[in-house]
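Counting convention: from 1, in listed order, for ligands and their atoms alike. Residues: numbered from 1 along the sequence shown.
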Amino acid sequence: MNVSTHAVQPNLAPLPGIRNIIAIGSGKGGVGKSTTAVNLALALAADGARVGVLDADIYGPSVPAMLGLSGRPDSPDGKSIEPMRAHGVEAMSIGLLVDQDTPMIWRGPMATSALTQLLEQTRWGNGEVLDYLIVDLPPGTGDIQLTLSQKIPVAGAVIVTTPQEIATLDARKALKMFEKVEVPVLGLLENMAVHVCSHCGHAEHVFGSGGGRAMAERYGVPLLGSLPLDVGIREQGDAGVPVVASAPDSAAAQAYRSAARALAARLAERPRAAQPIAASLLG
Ligand SMILES: Nc1ncnc2c1ncn2[C@@H]1O[C@H](COP(=O)(O)OP(=O)(O)OP(=O)(O)O)[C@@H](O)[C@H]1O
């Protein structure tokens with residue numbers, strides 16, 4: 001697997017040790033953003049990439065539960081932290097550092113700085129370079145997301161939306177926010193698009209069909225995929241083993257795999273990051 005480092009926002013440079021940071025955002029909560037982020041991460045890893053997941057949802061971290069992680073990460077030198085590993089990906093979350101029942105009662109600047117620390121002090125890749133770091137953003141377009149998109153060098157963003165959300169302006173606001181801070185939107189992912197009956201396999205567009213494609217066309221961004229509303233996705237997410245790992249041959253897992261490939265292909269079309277002069281002299 002040969003993944004290049006792609007261009008980030010104009011005033012930032014990619015972090016050493018991480019080739020591409022991909023932000024997963026949504027206009028509002030509960031659309032399945034975290035579920036999508038972890039399954040995409042596992043799907044990229046299944047294709048041979050070295051992948052990490054950073055849970056940026058400081059107030060409601062759900063990545064540890066979805067990946068079945070518990071316990072505390074190690075900090076051998078007392079300064080940096082070792083990412084935890086599950087299902088072939090690395091992960092870091094504030095949820096791994098504080099008690100599960102402790103609410104994060106922090107103002108925006110504290111939350112933002114906690115997040116930058118989580119990103120920068122985690123020893124991603126264990127000495128090797130990560131191909132992708134998937135960042136699960138909090139829902140919406142608040143303070144934290146905006147600061148993050150301005151400070152963290154992001155190679156591209158993916159917006160997760162449900163068919164109902166498309167009927168509102170929320171997903172469009174997320175899209176506009178990324179455009180404003182010059183983070184390229186790699187595409188939309190329509191979640192809970194089709195319900196597949198677990199008994200008979202009948203597929204039904206509970207919330208209407210074609211919304212994701214219509215929105216993608218209207219805003220000139222690709223539709224990277226449509227993910228089914230599937231009881232297995234919820235059950236396996238709750239059990240800490242995402243469907244891409246627990247049922248790799250299922251239609252749901254295949255939908256994530258194809259969305260991850262569409263994402264990687266779209267990113268590969270983006271310009272590469274400029275090499276620092278020293279690196280280019282060294283060849
Ligand atoms: N495609 C799907 N099929 C069935 N259940 C799903 C699907 N996607 C997500 N879910 C379920 O919906 C619930 C919300 O999902 P998730 O936590 O991923 O949403 P979110 O957008 O990240 O929410 P938050 O705003 O809290 O961060 C979870 O119980 C999850 O298992």
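Sorted by chain and number, the residues within 4.0 Å of ligand 1 by heavy atom are Gly29, Gly30, Val31, Gly32, Lys33, Ser34, Thr35, Asp57, Met66, Pro139, Asn191, Met192, Pro228, Leu229, Asp230, Ile233, Arg234.
A distance of 11.5 Å separates OG1 in Thr35 from CD in Gln236, rounded to the nearest 0.5 Å. Here the straight-line distance linking atom CG of Leu263 with atom CD1 of Ile134 works out to 6.5 Å at 0.5 Å rounding.
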When the side chains of residues 12-21 are checked against the rest of the protein, which donor-acceptor pairs come out under 3.5 Å, sequence neighbours left out?
| residue | atom | partner | partner atom | Å |
| --- | --- | --- | --- | --- |
| Arg19 | NE | Val3 | O | 3.4 |
| Arg19 | NH1 | Asp131 | OD1 | 2.7 |
| Asn20 | OD1 | His6 | N | 2.9 |
| Asn20 | ND2 | Ser4 | O | 2.8 |
| Asn20 | ND2 | Asp131 | O | 3.4 |

Counting only pairs under 3.5 Å, give me each side-chain donor-acceptor contact of residues 218-234, with atom names and distances, residues two or more places apart or in other chains.
| residue | atom | partner | partner atom | Å |
| --- | --- | --- | --- | --- |
| Ser226 | OG | Glu190 | OE1 | 2.8 |
| Asp230 | OD1 | Gly232 | N | 2.7 |
| Arg234 | NH1 | Asp238 | OD2 | 2.6 |

Side-chain donor-acceptor distances from residues 61-68 under 3.5 Å, at least two apart:
| residue | atom | partner | partner atom | Å |
| --- | --- | --- | --- | --- |
| Ser62 | OG | Ser34 | OG | 3.2 |

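Side-chain contact between Leu188 and Leu175 is present, with heavy atoms from C-beta onward closer than 4.5 Å.
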